[in-house]
Amino acid sequence: MSKTFSARLQEALLQALSATDFAADLPEGFAPKVDQAQNRQFGDYQTNAAMMLAKPLKKNPREVAAQIIEKFEPADLCDEPTMAGPGFINFTLKEDALAGELLRILADESHHGVATVEDPKTVVLDFSAPNVAKPMHVGHIRSTIIGDSLGRIARFLGHRTITDNHIGDWGTQFGMILWGWKNLLDEDALAEKPVEELLRIYREVNARTKEDEALRETCKSELVALQAGDEENLKIWETCVDVSKQGLQGIYDRLDVSFDHWLGESFYNDRLAPLVDDLLDQKIAEESDGAICVFFPETKGLEDKPAIIRKADGGFLYATTDLATIDYRLNEWKADAVWYVVGAPQQLHFDQIFKISEKRGQSADLEFIPFGSILGKDRKMLRTRSGDTVQLADVLDEAVERAAKVVIEKNPDLEPSEQQAVAEVIGIGAVKYAELSQYRLTDYIFDWDNMLALKGNTAPYLLNAYVRTRAIFRKLGEDYTVLETAVFEEQAEKDLALKLAQFAETVPQVLVDFKPNTLANYLYELAMAYHRFWEACPVLRVEGDLRATRLALCEQTGRTLRTGLGLLGIRTTEFM
RNA sequence: GCGCCCGUAGCUCAGCUGGAUAGAGCAACGGACUUCUAAUCCGUAGGUCCCGUGUUCGAAUCACGGCGGGCGUGCCA
């Protein structure tokens, strides 16, 4: 497989460097960067290698640049590089190179020129992980959508990817649910809308325990009974988990998110006690005030932040479960890496369990991939227990409803069922894109209009570009065949062709720092380039190679948008 | 107290592994549809990149110190 433009330019640049007078004096391991030019007036790619080298070589940067340019052999890739400003070297690709690349990526129907990784890893992705017996609220959307997208991208790049929904099916909340089930349950409501009924009793009990000390104790004893294996409580617990999973599955189906496994906290129950014993044996953990703790005296920032893995009353905590989960993933799944897509407030927790894993001699690449909070209007965290948090299902309903309004307005003649199907793609896509197009650590204030916008840099903008690629082939009456000779007449065509080629440079970049918004931004730029092309370049009204080239650009834009949106977990529609 | 994250146009946000005049969208104003989907395109206007100091040929980006906001910090998850 051939390489991206930036990789090829980088190779040529290294060649040039090795031919210069100062080749022997280059810093060891010097790897010049070739970046996409920020501004078209500077060509297509640029490097600041000369300026980087000026200091160690004790030379004037422009002198260095001049010599690099002199030795640079562009082959048929680009024109003679030019020097600009304080010592930039700018590269402008040849039209033939652009044309050749277009043909190459068209031939690569599944990956569009994106190279798969040389050393595939087994990556476990831990994301979404809602609590059972409570429906997902807006706060769960980030983990679910970001995690799903990272999983799709890792898989696309060739990693063995395992997604695991580590649901909270064993927490202390079950004390309250058990009591509520026994005392407040409305059987008819349970049969009718099980998830809602579970939420209702949970909220009711939660509210009562705030006032009622005795009830708190009763709930606690229900929990203890469950943990001790009480048959009735276990039965209720199983039913709750079952019902909740079905409710969650409905949301996941709608979001087009799926998991390879659903190994919740309860799965690890048997493994907790032996794990703590083992940590004690190895002197990694010790007793302190009755609890079993791991201390980190040698780690800056954690000196006074022990991790508790067994409470004084013998109970285990989520740190214990998470450690057992790491064992399982490493031993059973042979994971090389585990990626946790979890909210930023849990930074300390993950620092601790990663450190413990290290103390145990485990060497897997454990990554905490945090995201910022969704805040309420008061700029405070949207709290799960505040009672009136916005439910995810409601957000999706509202999104689809808003999309439907526009679809009906724009396409009054469409069958209602088709209108609804299109609205579903647009509405859900809009919600996902709103999340994925922004940097994951940015906090934001929940706002319907913001989250569900349909104008500007949103999913509908990208979907519209895709739809326009399809409209052309519908009108043409046949599918794309094969392009033999690419010719360019307009700047808009070359800009689009270059953008298409850069898909291969963009996708791998997402996993460097786990930022799907890098891909979202790229797709937005691609859609913009296509919309400009659309305005400037009629396709069906021109003839010959030019028409074939433009059809190819349409086809490749459609493929790239479909694949790229697919990597974000966003579906496409043929019309809108 | 200590730790982590955020602070960029009126609003919502990109850009942050140092690079050229800091970019989008929304809102405002002005243009372009007998045309392959105008959910589009083109243009105008809008900035102490929170403040200060430092490193550097070069800082929104890195370091240090502040300020403002959010979150976390031994027996919830």
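We name chains A, B, ... by the order of the sequence lines, and we start the count at 1 in each one. Side chains are part of it too, since the values below use all heavy atoms of this structure and drop only hydrogens, waters and symmetry mates.
Considering Trp262(A), Tyr268(A), Tyr340(A) in turn, Tyr268(A) is the only one that fulfils the ring pair (Phe, Tyr, Trp, His ring centres under 6.0 Å) rule with His166(A).
The side chain of Leu317(A) sits closest to C75(B) out of G25(B), A20(B), C75(B). When each of C75(B), A27(B), A39(B) is scored by its nearest atom to the side-chain atoms of Pro460(A), the top-ranked nucleotide is A39(B). With U37(B), U21(B), C42(B) as the candidates, the nucleotide lying closest to the side chain of Arg468(A) is U37(B). Taking every side-chain heavy atom of Gln38(A) into account, A20(B) is the closest of C13(B), A20(B), G72(B). For Lys55(A), the side-chain atoms get nearest to U56(B) when compared with the rest of C4(B), C42(B), U56(B).
With respect to Arg559(A) and Glu555(A), a salt bridge is recorded, a charged nitrogen being found less than 4.0 Å from a carboxylate O.
Using a 4.0 Å heavy-atom criterion, one finds that Arg541(A) contacts the bases of the nucleic acid, with or without backbone contacts as well. The residue Leu348(A) sits close only to the backbone: its heavy atoms come under 4.0 Å of sugar-phosphate atoms, none of a base. Residue Tyr439(A) is classed as a sugar-phosphate contact, given heavy-atom separations below 4.0 Å to backbone atoms only. When heavy atoms are screened at a 4.0 angstrom cut-off, Asn90(A) is found touching base atoms of the nucleic acid. Contacts of Pro345(A) with the nucleic acid, taken as non-hydrogen atoms under 4.0 Å apart, involve only primed sugar atoms and P, OP1 or OP2. Residue Asn517(A) is classed as a sugar-phosphate contact, given heavy-atom separations below 4.0 Å to backbone atoms only.
For the pair Leu454(A) CG and C26(B) P, the interatomic distance rounds to 12 Å; values are reported in whole Å. Atom pair Arg216(A):CZ and C76(B):P shows a separation of 13 Å (rounding to whole Å applied). Atom-to-atom, CZ of Phe295(A) to P of G74(B) comes out at 12 Å; the value is rounded to the nearest Å. Atom OH in Tyr466(A) sits about 19 Å away from atom C1' in U40(B), given to the nearest Å. As a whole-Å value, the separation of Met176(A) CE from A77(B) C1' is 12 Å. Put simply, NZ on Lys515(A) is 4 Å from P on G15(B), counting in whole angstrom units.
Rounded to the nearest 0.5 Å, atoms CG (Asn90(A)) and OG1 (Thr92(A)) are 7.0 Å apart.
Comparing G3(B) with G65(B), their P atoms sit 9 Å apart, to the nearest whole Å. Comparing A39(B) with G68(B), their P atoms are spaced 48 Å from each other, to the whole Å.
Using bins of under 30°, 30° to 60° and over 60° for the plane-to-plane angle, the ring pair Tyr328(A)/Phe267(A) lands in the perpendicular bin.
Interface remark: the Asn48(A) side chain does form a donor-acceptor pair with the G19(B) base, using a distance-only criterion of under 3.5 Å. Below the 3.5 angstrom threshold, one finds a donor paired with an acceptor across the side chain of Ser288(A) and the base of G74(B). For Asn411(A) against A39(B), no side-chain N or O and base N or O form a donor-acceptor pair under 3.5 Å.
Under the Watson-Crick or G-U wobble criterion, with both distances below 3.5 Å, G43(B) is paired with C29(B). Checking G3(B) for Watson-Crick or G-U wobble geometry (two distances, each under 3.5 Å) identifies C71(B) as its partner.
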